[in-house]
Amino acid sequence: MYTIHPVPKHYAWGSHDRLQHLFDLPPQESEGPLAEMWFSGHTGSASMLEMPSPKGESTLVSVPTAIVHDPLDMVGHKSSDEFGPVLPYLFKIICAREPLSLQVHPIDFEARAGFNEENARGIALDDPTRSFKDTNAKNEMVVALEPFMASVGFSTRNVAMKNLALVNHPVALRMLAALQSTNEGEVSADSKQIMQTGLVDGESHDLDQSESTNFGAQAAFDNFQSADVMMPVASSVWHLGMKRIFRAFHAAITAGPVDAQLLLDALQAGLGKATATKQILAFEYAIRAATAFPGDASALALLMMNPVLLDEGDSVFIPTGTPHAYIHGMGAEIMTNSDNVLRAGLTVKHKDIEHLLKCLNCKPSMPIDPSDTRVGRFLTRDMVVYRPHVNEFMLVYGRVDAQHTPWPVLDAMAKRYDAIVRQVSGHPTLPHLGPRIVMCTQGAVKCVTERDTRVLHQGEAVFVPASDGWLSVDPVTDSSADSTGSFVAASTPF
Ligand SMILES: O=P(O)(O)OC[C@H]1O[C@](O)(CO)[C@@H](O)[C@@H]1O
């Protein structure tokens, strides 16, 4: 196995101390916000491996170079056969101090088409206005390393309408109208009245006089054709519910800048009227977003999405096309080997609404927790396995302890799944044999393969090639390092 050095990403929404502390970075590398640490074979930002040189010293080799040089040794037969001589996943530790963009990852053919189109237009790969950095669709999963907040996928139309009905803001009213629009994209008679009077369910919305008149006048003669022309080709077979969601989302992300204080006041007032736990959470996330990005009406889109609050060890899988926004927290993130992000708002980076809308999945759906399916097979002693339905990646989050004291993360799972967890027998070997990356997130752990042993301290990581054979992560039992530790291990699901 080889030491792997992560690539730091200093995005504005990152933390000023969390990742710096986790990775024990020297002061000169700790300046400014640090958002992500990439363990990566992506050619745009490749990690370096410490490998032995022919003279016996260690030398730095990039992950793609090492894999291309000896794919069978590094990623093995199966991975090479299926994905070629590449690392099929990208593994990151991510820390959001502030919300990051409202975004969608491209679906397969849009990623290929978009990449080729931007190449043909001569947009350089590192151009900040470029959307497609590679040809891959990007499925993604995050496992919380501490409480982690996110908005993921669309909630039902009912939930969205209940939330938006509490918001006294013209864009929210327009979104409400979209959720009640006809198949042809007309504003329904009821909605026209609501928008002209500011009355929702008989309750006055007290729109500011000028706004009410302007907005009412515009809405009365308006329809949603400007949204409909941006629907993807597949929308010809969409049911009305999906078209309405598309139009409402479109209304939020294309509203342009709005008065920051009016938007915040409207959201605060809505929060005051919110009752259900999820509803309160949705408002809290929208308020965080509207505070971090003053005057960005796309914060209202979070009111039509599922608010998720993960505890340590909880996870969510985000398939391509799913709208999402991470709000706060630190997590381990793994995805297809892709850096394709299509942003709608809540960002200082490049937005690409046209391509985002082509990929947008408008079907309401509950967030997918990849750890709660086939739980009996996936929970092993002090390790939780997260395996979504993709071929490129899976994650293990585990803890080692020479004294065998109970692990709170598994305890929490045990409460949730009760008997099943208690029946599961201990099996400390990680389940798969492809290319693996193990990172120690706390204390110390000992990685043991069929041909190598390595102790990792917090923030250290190794790349375990396929040729190393089975891998187990054990506690350190002598006094050379902490006897407890936790780790995250990325691998292919085979
Ligand atoms: O480009 P932004 O808006 O900073 O967000 C980028 C990040 O968002 C994510 O796609 C999370 O969904 C990360 O994988 C990615 O690095």
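Atoms within each ligand, like the ligands themselves, are counted from 1 in listed order. Just so it is clear, the model here is predicted, and its values are computed rather than measured.
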Could you find the nearest protein heavy atom to [atom] and give me its residue, atom name and distance?
atom                    : value
atom 15 (C) of ligand 1 : Glu36 OE2, 3.3 Å
atom 2 (P) of ligand 1  : Lys349 NZ, 3.3 Å
atom 14 (O) of ligand 1 : Lys92 NZ, 2.9 Å

Any atoms of ligand 1 less than 4.0 Å from a non-hydrogen atom of [X]? List them with their elements.
X      : value
Arg343 : 1 (O), 2 (P), 3 (O)
Ser101 : 2 (P), 3 (O), 5 (O)
Leu100 : 5 (O), 7 (C), 8 (O)
Met335 : 14 (O)
His105 : 10 (O), 12 (O)

Is there a donor-acceptor contact under 3.5 Å linking the side chains of His105 and Glu140? yes
Residues Thr156 and Asn158: side-chain donor-acceptor under 3.5 angstrom: no
Looking only at the aromatic ring of each residue, does the gap between the centers of [Y] and [X] stay below 6.0 angstrom?
X      : Y      : result
His389 : Phe317 : no
Phe249 : Phe154 : yes
Phe91  : Phe39  : yes
Phe293 : Trp13  : no
Phe148 : Tyr326 : yes

Any heavy atom of Lys9 sitting closer than 4.0 Å to ligand 1? no
Would one find an N or O of Tyr11, backbone or side chain, under 3.5 Å from an N or O of ligand 1? no
Polar contacts were defined as any N/O atom of the residue lying under 3.5 Å from an N/O atom of the ligand; does this apply to Gln103 and ligand 1? yes
Can Arg121 and Glu117 be counted as an ion pair, charged N to O under 4.0 angstrom? yes
Contact partition for Glu140 relative to ligand 1, non-hydrogen atoms under 4.0 Å: side chain
